[in-house]
Amino acid sequence: MKEKMGTTGLIFNEPLLWEKGSPGRMGVSLPRRDVDEAPLDPALVGDGPDFPDLSELDVVRHFTKLSQWNFGVDSGMYPLGSCTMKYNPKTNERQASLPGFAGAHPLLPEGLSQGLLALMHDLAADLGEITGLPAVTLQPAAGSQGELTGMLIFSAYHKHKGRPRSKVLIPDTAHGTNPASAALCGFKAVAVQSGPKGILQPETVASLMDADTAGIMITNPNTLGLFEDNIRQVAAIVHAKGGLVYGDGANMNAIMGVVNVGDLGVDVLHLNLHKTFSTPHGGGGPGAGAVCVNRELEPFLPVPRVVKDGEGFHLDENHPLSVGKVHAFYGNVAS
Ligand SMILES: *Cc1c(COP(=O)(O)O)cnc(C)c1O
């Protein structure tokens with residue numbers, strides 16, 4: 001591979017092991033044989049595997065070089081959008097890789113997973129408290145999948161009310177995943193022009209909001225870094241027409257602990273736990289996009305849900321209005 005702009009410090013010139021090998025090189029010394037040499041059965045092995053002949057050092061140096069392509073906090077900063085807003089302390093990565101988490105098998109019976117279920121239950125409760133939206137799923141594996149879950153909930157809610165809707169309002173400052181998530185759920189994304197101050201103007205929203213619009217997706221603070229001052233008025237306009245308000249919480253660390261998002265009029269919110277909080281974030285994924293909703297929308301959350309039952313915890317699948325599963329098992333446990 002040629003060295004390109006932006007690759008300074010990374011060693012990308014490493015041939016394949018087959019190009020490094022040379023016939024006759026050996027990586028191991030085997031003890032003296034105490035049985036007679038016999039040819040391999042060609043019916044079983046054909047011409048034999050095409051392994052390169054390499055010395056031990058060839059192999060060690062090859063894989064050590066590849067390991068240097070791994071990018072992390074020790075080699076530079078991570079230049080991916082909002083994810084740069086946080087730095088994961090290494091100790092948190094270490095906690096996430098404790099055998100109880102990293103080795104948790106998704107098919108373990110509930111009785112053997114009580115610690116993990118307790119943690120998921122309490123984390124969901126804490127996120128509900130932080131956001132003011134008390135019902136929480138940890139299943140989505142990214143913010144964008146949280147948006148998709150939110151749009152599925154919008155769709156299920158309106159269908160349940162007996163009047164499905166076809167459009168979703170999305171400000172022109174939104175992250176590209178917002179219209180993509182709405183479109184994936186079959187909604188038409190309608191762009192809302194922001195005003196001269198770079199935030200939403202209630203009159204613009206009022207002119208677009210109608211009885212065929214499922215709701216609006218608002219990022220707050222928005223992508224320009226501005227707090228949506230009119231969010232309460234905007235939410236009131238959308239609610240008055242029977243719509244819902246989705247909050248894109250990717251920039252939540254600017255307002256966490258200061259603003260109760262439920263009080264702003266948001267009905268569904270995703271949190272990017274790998275941005276605002278401190279969950280592992282490896283090269284674009286996996287992440288965690290917890291989704292928090294108000295009590296009215298709770299029945300639509302994905303299943304299974306972790307519930308506390310006396311002193312124990314168990315997984316509850318019995319939610320007939322649920323949008324279903326959005327991830328295998330319970331989501332990305334490392335997150
Ligand atoms: C990062 C981001 C997303 C998407 O979240 P992922 O976890 O990367 O899928 C959505 N909206 C905004 C504003 C973001 O910054």
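Quick caveat, the model's predicted, so the values are computed rather than measured. When a ligand or atom number is given, it counts from 1 through the structure's own listing order.
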- Query: Just wondering, more than 12 heavy atoms not from Arg61 lying within 6.0 Å of its CZ?
  - Reply: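 Check fails, neighbour count at 12 or below.
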Would [X] count as a polar contact of ligand 1, with the cut-off being nitrogen or oxygen pairs under 3.5 Å?
{"X": "His274", "result": "yes"}
{"X": "Asn272", "result": "yes"}
{"X": "Gly143", "result": "yes"}
{"X": "Ser144", "result": "yes"}

Checklist entry - Is Glu147 near ligand 1, meaning one of its heavy atoms is under 4.0 Å from it? => result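 It does; at least one heavy atom falls under 4.0 Å.
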Per the side chain to side chain donor-acceptor pair (under 3.5 Å) rule, which among His319, His314, Glu298, Gln139 passes with Arg305?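 Among the candidates, only Glu298 passes.
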(request) Can you spot which of Lys167, Arg165, Lys241 makes a side chain to side chain donor-acceptor pair (under 3.5 Å) with Asp210? (result)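 The option that passes is Lys167.
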Are a donor atom and an acceptor atom from the side chains of Asn178 and Glu147 found within less than 3.5 Å of each other?
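Yes, a side-chain donor-acceptor pair sits under 3.5 Å.
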- request: Report the part of Gln145 in contact with ligand 1, treating N, CA, C, O as backbone and CB onward as side chain, heavy atoms under 4.0 Å; options are side chain, backbone, both, neither.
  value: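 Answer for Gln145: neither.
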Please could you name the atoms of ligand 1 that Ala250 approaches to less than 4.0 Å, counting only its heavy atoms?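 Atoms satisfying the 4.0 Å criterion: 2 (C), 11 (N), 12 (C), 13 (C), 14 (C), 15 (O).
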query: Which atoms from ligand 1 have a heavy atom of Lys275 less than 4.0 Å away?
result: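 That gives atoms 1 (C), 2 (C), 3 (C), 5 (O), 14 (C), 15 (O) of ligand 1.
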Listed partners of Pro179 passing side-chain contact (heavy atoms from CB on, under 4.5 Å), at least two apart: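 Scan of Pro179 (side-chain contact (heavy atoms from CB on, under 4.5 Å), adjacent residues dropped) gives Ile170, Ala189.
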When clusters are formed from ILVMFWY side-chain contacts under 4.5 Å, directly or step by step, what else is grouped with Ile199?
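Ile199 shares its hydrophobic cluster with Leu224, Leu226.
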